[in-house]
Amino acid sequence: MAEATCDIGLIGLAVMGQNLVLNMNDHGFKVCVFNRTTSKVDEFLADEAKGTQIEGAHSLEELCSKLKTPRRVMIMVKAGDVVDKTIESLLPYLEKGDIVIDGGNSLFTDSNRRTKELAEKGLHYIGTGVSGGEEGARFGPSIMPGGDPAAWPAVKPIFQAIAAKVEDGTPCCDWVGEGGAGHYVKMVHNGIEYGDMQLIGEAYQLLKDGLGLTADEFEAVFAEWNKGELDSYLIEISTTIFGKKDDDGQPIIDKILDTAGQKGTGKWTAIDALDNGMPVTLIGESVFARCLSALKDERVVASKVLHGPKQEKIPAEHKAEFIEEVRRALYCSKMVSYAQGYMLLRSAEKVQGWTLNMGGVALMWRGGCIIRSAFLGDIKKAFDKDEKLTNLLLDDFFSGALNKYQASWRKALIHAIELGVPTPAFSTALAFYDGYRTERLPANLLQAQRDFFGAHTYERLDKPRGEFFHTNWTGRGGRVSSTTYNA
Ligand code: NBP
């Protein structure tokens, strides 16, 4: 019988699992590891984990026998059925009070279900988002835990020790909420990441096609942007990417095929937004933009058949002005994207019955993760000022910046249209901004049409909300109207 000396067990020695284990070891926790292909356990112990106190196991039974009770077992495997199968195989070796943690990118509804199913067996479940990729996992990720709150005190010291820290030392990890709340917040994080990346891509293409900037010039422009309002990890790594040369001395960026991949979390965010009736348009457009990029062969054919405007470059004397317009368009669109992401979080609170700490979420995203940025500090301040804030765009700081920059944002888009450069995310952000600030939208006509063809009824400006009217538009319809409900 093995001695139960390990603080935590980790299953899944791929890139995230290995790095999290090494990070836990650095912080003084004794970890026991297991992987389906057990040769990876031996390789890891002989290589990356050599000289550490990390232990290995060749079966789940052995893993569980080496853990102090209550046992803490973290699963870092491919999301989906694999997680359910792994939990199933673990159950015979767990006892009441033990804690199962899923740190992969699981769908939040799976985490809702697993929290309940394990609670029925007397086990505690934590579904946690982990962001920051390989380097984050190794040196400080952003960690977004949810699930069974009873398990949090036992997991908190480990997670907060290994998480990234902001300037004052606060860890980018705190309790998010019950059930799938942690994975939900991670899903929205990933959706926002899709949006940020698409926006940066559109700024790049607009400047490339509009001014013909070279990779070296982009490196300089992005380095400058990274010193101001756009200061962020993604702008920083883009700067490095622009500077990286291939073996022949040419920039690698110019040689990379323009088709984007995706693993599904952006799509989940967009689907959830549709399910909840939330206009999270920028993330939706970002997912579709990746889908369009994947149609490379069709685009090559279409490029020879379909004409755009005669592409005139922006005159050289307007170069600095145009770069600044694009920077402002990027910043304004980013504000809209985050405002939409937070609208989705607000709606999830109502639908799922969670209470999310919005400022706390901004703090968790402030460091360690892919969307980390100075800007998240401003979001945190907005929710510190008013924790019930309905929309970020209504906070003084954000409304002030938008009012100041909106004219430049529009100019950048006018240039995009004139040049024929696709800017789906910039454009949808501006459309949302204009829609959100419009007191009277054309939905009155839409309601009249619905009532005309389907007797769907409408409300009136001159009557209290909740009173529904039907007009016999042609004189031929009956008096019966359709039931009012939202589908
Ligand atoms: P992968 O998502 O590539 O998963 C590989 C791991 O899953 C290996 O340990 C593999 O074991 C195991 N596995 C598979 Br695949 N099928 C299995 C099965 N049927 N039974 C048992 N184990 C199985 O690893 P990752 O990139 O480290 O990501 C782990 C989790 O973290 C995922 O949910 C991912 O979405 C999430 N995540 C990844 C990142 C990132 O940057 N990569 C960032 C944030 C979150 P094997 O060695 O025997 O094949």
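These numbers come from a predicted model, not from an experiment. Positions are given from 1 along the sequence. Ligands are counted one by one from 1 in listed order, and the atoms in each one are counted from 1 as well.
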Considering the heavy atoms of [X], write down every atom of ligand 1 situated less than 4.0 Å from one of them.
| X | result |
| --- | --- |
| G12 | 9 (O) |
| N35 | 8 (C), 9 (O), 11 (O), 46 (P), 47 (O), 48 (O) |
| L13 | 9 (O) |
| A79 | 33 (O) |

For [atom], closest protein heavy-atom neighbour:
| atom | result |
| --- | --- |
| atom 49 (O) of ligand 1 | R36 NH2, 2.9 Å |
| atom 26 (O) of ligand 1 | V15 CG1, 3.5 Å |
| atom 36 (C) of ligand 1 | N105 N, 3.7 Å |
| atom 3 (O) of ligand 1 | A14 CB, 4.4 Å |
| atom 41 (O) of ligand 1 | G133 CA, 3.6 Å |
| atom 2 (O) of ligand 1 | K78 CA, 3.8 Å |

Do [Y] and [X] meet the salt-bridge criterion of a basic N to acidic O distance under 4.0 Å?
| X | Y | result |
| --- | --- | --- |
| E349 | R346 | yes |
| R113 | D110 | yes |
| K156 | D174 | no |

Open item on the list: Please classify the V82 to ligand 1 contact at 4.0 Å (heavy-atom distances, strictly less than): side chain, backbone, both or neither.
Closed with: side chain

- [ ] Heavy-atom distances under 4.0 Å are what count here, so tell me which part of V130 touches ligand 1: side chain, backbone, both or neither.
- [x] backbone

Task: Closest heavy-atom pair and its distance - T86, V77 - done: OG1-CG2, 4.2 Å

Is the closest N or O pair between [X] and ligand 1 shorter than 3.5 Å?
| X | result |
| --- | --- |
| V77 | yes |
| S131 | no |
| K40 | yes |
| M16 | yes |
| T37 | yes |
| T86 | no |

Open item on the list: How about NZ on K255, more than 12 heavy atoms from neighbouring residues, nucleotides or ligands closer than 6.0 Å, or not?
Closed with: yes

Task: Atom NZ of K380: over 12 foreign heavy atoms under 6.0 Å - done: yes

- [ ] May I ask whether K85 has any heavy atom positioned less than 4.0 angstrom from an atom of ligand 1?
- [x] no

- [ ] State, yes or no, whether a side-chain contact exists between Y184 and L345 at a heavy-atom distance under 4.5 Å.
- [x] yes

Task: N19 side chain reached by F139 side chain, heavy atoms, under 4.5 Å - done: no

- [ ] Could you tell me whether the side chains of S111 and H183 share a donor-acceptor contact shorter than 3.5 Å?
- [x] yes

Task: Side-chain donor-acceptor pair present, T170, D168, cut-off under 3.5 Å - done: yes

Open item on the list: Considering H189, E135, M76 one by one, which has a heavy atom nearer to atom 29 (C) of ligand 1 than any of the others?
Closed with: M76

Open item on the list: Under the ring pair (Phe, Tyr, Trp, His ring centres under 6.0 Å) test against F375, which residue among F397, Y338, Y233 passes?
Closed with: Y338

Task: Test ring pair (Phe, Tyr, Trp, His ring centres under 6.0 Å) applied to Y204 and F242, F222, W225, the passing residue - done: F242

